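A short worksheet on the structure shown next.
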Amino acid sequence: QAQVVESGGGLVQVGGSLRLSCTASGLLLDDPAMGWFRQAPGKEREGVACITRGGVDPYYTDSVKGRFTISRDNAKDTVYLQMNNLNPGDTGMYFCAAGQYAYCLASWSSGSGFLSWGQGTQVTVSS
């Protein structure tokens, strides 16, 4: 049974940093594309970043480019999201998801191509 577990969320001040971790197990596909998503209260879920099996040329939503970095350690079945220069707009529940392919679909940010989702970890940025 697939299991995706996020960790690393918390409360941070504006301009601060956090690193989220996501560990996946029991997946049908070895080292699939992995994605980070977030949802703020009253808003729809949005894709934050997606990384392919090889970890080359990850994808980011425009609002986090230059501030967030997604990476992975396939030997540890773990994906990371390093978040720097955080602002209140980054507040939300962050979810990790494992894909059904080794690559990110063109529509990855909508959640397309992701089969297994974690329960989320809360990130709160205070001003």
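Note that this is a predicted model, so its numbers are computed, not measured. Computed over heavy atoms, backbone and side chain alike; hydrogens, waters and symmetry mates excluded.
- Hydrophobic cluster membership is shared by Leu20 and Leu86, with clusters built from Ile, Leu, Val, Met, Phe, Trp and Tyr side chains linked at under 4.5 angstrom.
- For the pair Glu6 (side chain) and Gly120 (backbone), a donor-acceptor distance under 3.5 Å is present.
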Decide yes or no on side chain to side chain contact (heavy atoms under 4.5 Å, CB included) for Ser127 and Val14, but give the supporting numbers first.
CA-CA 5 Å; Ser127 55; Val14 169; 3.9 Å; yes
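- Side chain of Thr91 to main chain of Val125: a donor-acceptor pair is present (N/O by atom type, distance under 3.5 Å, no hydrogens or angles).
- Here the straight-line distance linking atom CD1 of Ile51 with atom OH of Tyr60 works out to 7.0 Å at 0.5 Å rounding.
- For the residue pair Ala33 and Cys104, the shortest heavy atom distance occurs at CB-N, 4.0 Å.
- Under a hydrophobic-cluster definition in which Ile, Leu, Val, Met, Phe, Trp and Tyr are linked whenever side-chain heavy atoms come within less than 4.5 Å, directly or via other members, Leu18 and Phe68 are assigned to the same cluster.
- The two residues Gln122 and Gly92 have their closest heavy-atom pair at NE2-O, 3.4 Å.
- Contact record, Gly9 with Thr121: N-OG1, 3.1 Å, taken as the closest heavy-atom pair.
- One distance of note links CG of Asn74 with CZ of Arg53; it measures 8.5 Å at 0.5 Å rounding.
- For the atom pair Arg38 CZ and Leu81 CG, the distance stands at 9.0 Å (nearest 0.5 Å).
- Between Leu27 and Pro32, the shortest heavy-atom distance links the atoms CD1-CG, 3.7 Å.
- Here CG of Asp31 is found 5.5 Å from CZ of Arg72. Values are rounded to the nearest 0.5 Å.
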Passes side chain to side chain contact (heavy atoms under 4.5 Å, CB included), Thr61 versus Ser109? Steps please.
CA-CA 8 Å; Thr61 191; Ser109 62; over 6 Å; no
Go through Phe95 and Val4 one step at a time and tell me if the side chain to side chain contact (heavy atoms under 4.5 Å, CB included) criterion holds.
CA-CA 9 Å; Phe95 300 91; Val4 178; over 6 Å; no
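- Residues Ile70 and Tyr80 are members of separate hydrophobic clusters, defined by side-chain heavy-atom contacts under 4.5 angstrom among Ile, Leu, Val, Met, Phe, Trp and Tyr.
- Checking Thr23 against Asp77 by side-chain atom types alone, no donor-acceptor pair falls below 3.5 Å.
- Expressed to the nearest 0.5 Å, how far OG of Ser71 lies from CE of Met34 amounts to 11.5 Å.
- Nearest heavy atom pair, residue Trp36 against residue Ser21, reads CH2-O, 3.6 Å.
- From Thr69, atom OG1 reaches atom CZ of Arg67 across 11.0 Å, with rounding to the nearest 0.5 Å.
- Looking at Arg45, its side chain does come within 3.5 Å of a backbone N or O of Ser110 through a donor-acceptor pair.
- Evaluation of the ring pair (Phe, Tyr, Trp, His ring centres under 6.0 Å) rule for Phe37 yields Phe114, Trp117 as partners, not counting sequence neighbours.
- One hydrophobic cluster holds both Val123 and Val48 under the rule that ILVMFWY side chains link at heavy-atom gaps under 4.5 Å.
- There is no path of hydrophobic side-chain contacts, each under 4.5 Å, that joins Val79 to Leu105.
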